[in-house]
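What follows is one structure encoded as structure tokens, with my remarks underneath.
Being a predicted model, the structure only gives us computed values, none of them experimental. Naming: A, B, ... by sequence-line order, numbering from 1 per chain.
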Amino acid sequence: MSAIHGAGTAHGAGSKPIWAVVDSWTMTRRELARWARQPVQVVVGLVFPVMMLLMFGYLIGGGQGVAGDFRAYLVPGMLTMTMAFGLEATMLAVTQDLGKGVIDRFRSMPMNSGAVLVGRSIADMLQSAVGLTVMIAVGYAIGWRTHEGFASFLGAVGLLLLLRFAMLWVGIHLAMVAGRPELVQAVQILVWPVGFLSNAIASPASMPAWLGAIVEWNPMSATATAVRDLFDNPGAGGDSWAATHAELLAVAWPLALIAVFAPLAVKRFRDLSR
Amino acid sequence: MADHDPAIVVEGLRKRYGDKQALDGLDLTVRAGTVQGILGPNGAGKTTAVRIMSTLLRPEEGRVEVAGIDVRTRADEVRSRIGLLGQNAAVDEELGGRQNLEMFGRLHHLGARRARTRADELLARFGLADTGDKAVGRYSGGMRRRLDLAASLISRPQVLFLDEPTTGLDPRGRAEVWNAVRSLVGGGTTVLLTTQYLEEADQLADRIAVINHGRVVAEGTPDELKSETGGDRIDVVLRDAGRLAHAASLLPGDVVVDEDRRMVGATITDRMAALTETVRVLEAAGIEAEDIVMRRPTLDEVFMHLTKEDAV
Ligand SMILES: Nc1ncnc2c1ncn2[C@@H]1O[C@H](COP(=O)(O)OP(=O)(O)O)[C@@H](O)[C@H]1O
Ligand SMILES: [Mg+2]
């Protein structure tokens, strides 16, 4: 080949492991740069869950069937809900990318093929970590306290981020299946009943038995219960298997979701060339 | 790769979507350093062909080599030698022009410093230096297309694919993109350009493949295509529009009447014989001609002819 062409590119290098790291970082930086350009959107994203927390904590007197301080019950629930609803942000971002054709440019370049998804994961997890920090700070400001040691605290944060990571893959997969902004809206609406069918805000004890059973098996409930336990906040109670094995389920549920949805999402991504 | 080797070879390409056969045995050879036009109506299979050649899509059947490399088995090597301007804008609208180009440069593994200088180079070259920091979402259509084109040139590709580069642009934006494409030719880049606009293919392409229903229905230089189909034409403008029908009945061959321009046109074979014969019959009938023109068919006429036949 002639000297003037392709001079800048390391041919076929996209598959070398080093490029997996470098390209993933470039893709992560892309998201960071987008946030820097959209500060209002970022702030709105952070404020929304805070508003929800304050609304449920102060305006809508809640805590049906909750024994003990409702706000101490509510904060871990809202932390869980914030992580679970990260699903929407992931879906929206992936849908936008797919619709805009920029993914096609990435796919036509000699970059590492996994970097698009890895970059998305890192960026979304960073954003959620920031969101979690803000929520914890606000929780602290309204009088919520943890009573266990730092290790338990980290364990709780770990479980919350694990749930978020699972939702990330569910989100990528759903976005690739649905592919259209209208369907993202449908999901944005549907997350609410799923969110409320957990023990995040109310206790299953206050619900009809059949509903309570569904609620206790909701992955969000498992995480919320486990996190409350690790923070030593009042829990939802209950003596069903799901309620008494919440720690186990808070790990098993996200891992199961990841095991199912991560390969599906990767396959979907590969199948863009079908 | 020697210069006489083809830059693109496509053989027996087939691709279907459900029961829609998008490509139905497409064959194409593009010489290195030339501009190949792919001309076809909406739905002809242009985008599908470009997506396969640029490694985005896998064909069911057929062989594609770009820069001498098999697209299926060595996609990564092909990717480092091509540039793609897709039918839809493929840049991040929320980022600035410079940020976009730098990001694509890094992903082409230029390294941070060279990605930055390359971005500046391209912004300057495409007249975007002043607006490099503005979010691309606020660019005009022509500017966005030029940025998109700049992005596809980051790695100085050997082969550049342009899928309907000017569709949706106003005349000014179109002229901007045409100029940019012209400036590439001569640099040795091979360009494959799809279009629905005959004028565009005529202006930019060395050779044109007309495709319809997923296969090539005609191929050649613009001149060859014009003389291959239909032959020459004669156009007669009359003084009196009322005599159009009479004049049309006197002319041989495939006759068309254009009332607005007071014109009758016909296909001809022998230019001199046709001219003297036309003048003679019109004079005999007492029909006054204002102007008589003999010309090659336009690509429009060729295109209509080719795609009409094929549609039946
Ligand atoms: N993703 C797709 N799913 C189903 N049909 C498709 C898809 N892409 C293209 N087609 C169909 O394949 C044919 C060729 O499309 P395309 O290559 O986009 O044509 P062109 O670019 O020439 O307009 C069209 O009939 C189109 O409707
Ligand atoms: Mg098209």
Measure distances from [X] to the heavy atoms of chain A and classify the residue's part below 4.5 Å as side chain, backbone, both or neither.
X: B:Arg51; result: side chain
X: B:Phe161; result: neither
X: B:Gln99; result: side chain

Relative to chain A, which of [options] shows the most heavy atom pairs under 4.5 Å?
options: B:Ala89, B:Ala115, B:Gly105, B:Ser54; value: B:Ala89
options: B:Leu95, B:Thr55, B:Asn100, B:Leu84; value: B:Leu95
options: B:Ala75, B:Gly83, B:Gly96, B:Ala112; value: B:Gly96
options: B:Ile154, B:Asn88, B:Asp148; value: B:Asp148

Identified side-chain contact (heavy atoms from CB on, under 4.5 Å) partner of A:Ile172 from the options A:Arg268, A:Arg120, A:Met167: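 One option only clears the test, and that one is A:Arg120.
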Where do B:Gly45 and B:Leu23 come nearest, in terms of heavy atoms and distance?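 Closest pair (atom of B:Gly45, atom of B:Leu23, distance): O-CD2, 3.5 Å.
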Please check if any side-chain donor atom of B:Gln87 sits under 3.5 Å from a side-chain acceptor atom of B:Thr167, or the reverse.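 No, B:Thr167 and B:Gln87 have no side-chain donor paired with an acceptor closer than 3.5 Å.
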Could you tell me if A:Arg164 and A:Thr90 have a donor-acceptor pair between their side chains, going purely by distance under 3.5 Å?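 Yes, side-chain donor-acceptor contact under 3.5 Å.
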Does the side-chain hydrogen bond (donor to acceptor under 3.5 Å, both in side chains) test come out yes or no for B:Arg16 and B:Gln21, once each step is laid out? CA-CA 4 Å; B:Arg16 63 187 308 141; B:Gln21 193 76 43; 3.1 Å; yes
By a 4.5 Å heavy-atom criterion (distance strictly below it), what part of A:Arg30 contacts chain B: side chain, backbone, both, or neither?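 When you check distances to chain B, atoms from both the backbone and side chain of A:Arg30 fall under 4.5 Å.
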Mind checking the CG-OG1 spacing from B:Leu204 to B:Thr195? Nearest 0.5 Å is all I need.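 B:Leu204 CG to B:Thr195 OG1: 8.5 Å, rounded to 0.5 Å.
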